[in-house]
Amino acid sequence: MQNHQITVNSQETPITPQYIDFHLPGEGKVILNTSILLRVTGKIKQVGFSAVPSISANGKNISLENVEDGKS
């Protein structure tokens, strides 16, 4: 999982994951706790959330729905 981009405030931001903790708790959800390097600023951010993954009709993209902050 290198050389990826995420959308932050409607702008594509290049990231490099540093650490990923991934769980499948059931009910179609995933839980991610990760450290990511924001390559533009060089800062490392901690991110944690749960979500329901959805695969696009063409099978080439995955989106995350019902995203919930990991702090709740």
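The shortest distance between side-chain heavy atoms of L32 and F22 falls below 4.5 Å. Counting only heavy atoms from C-beta outward, the side chains of V30 and L24 approach each other to under 4.5 Å. By the 4.5 Å heavy-atom criterion applied to side chains, I36 and I44 are not counted as neighbours.
No more than 12 heavy atoms of other residues, nucleotides or ligands lie within 6.0 Å of CD in E27, so this atom counts as exposed by the packing criterion.
The side chain to side chain donor-acceptor pair (under 3.5 Å) check on S56 picks up N58, with sequence neighbours excluded. Q11 is linked by a side chain to side chain donor-acceptor pair (under 3.5 Å) to nothing, counting only residues two or more places apart in sequence or in another chain. Q46 pairs by the side chain to side chain donor-acceptor pair (under 3.5 Å) definition with S35, not counting sequence neighbours.
Here the CD atom belonging to Q5 is positioned 7.5 Å from the OG1 atom belonging to T13, to the nearest 0.5 angstrom. The line from CD of Q18 to CD1 of I20 is 9.5 Å long, rounded to the nearest 0.5 Å.
Grouping the Ile, Leu, Val, Met, Phe, Trp and Tyr side chains by contacts below 4.5 angstrom, directly or via other members, places L37 apart from V40. Hydrophobic cluster membership differs between V52 and I6, with clusters built from Ile, Leu, Val, Met, Phe, Trp and Tyr side chains linked at under 4.5 angstrom.
Under the side chain to side chain contact (heavy atoms under 4.5 Å, CB included) rule, F49 has a single partner from L64, N33, I31, which is L64.
P25 approaches H23 most closely through the heavy-atom pair CD-O, 3.4 Å. Taking all atoms of both residues into account, the shortest heavy-atom contact from P53 to G28 is CD-O, 3.3 Å.
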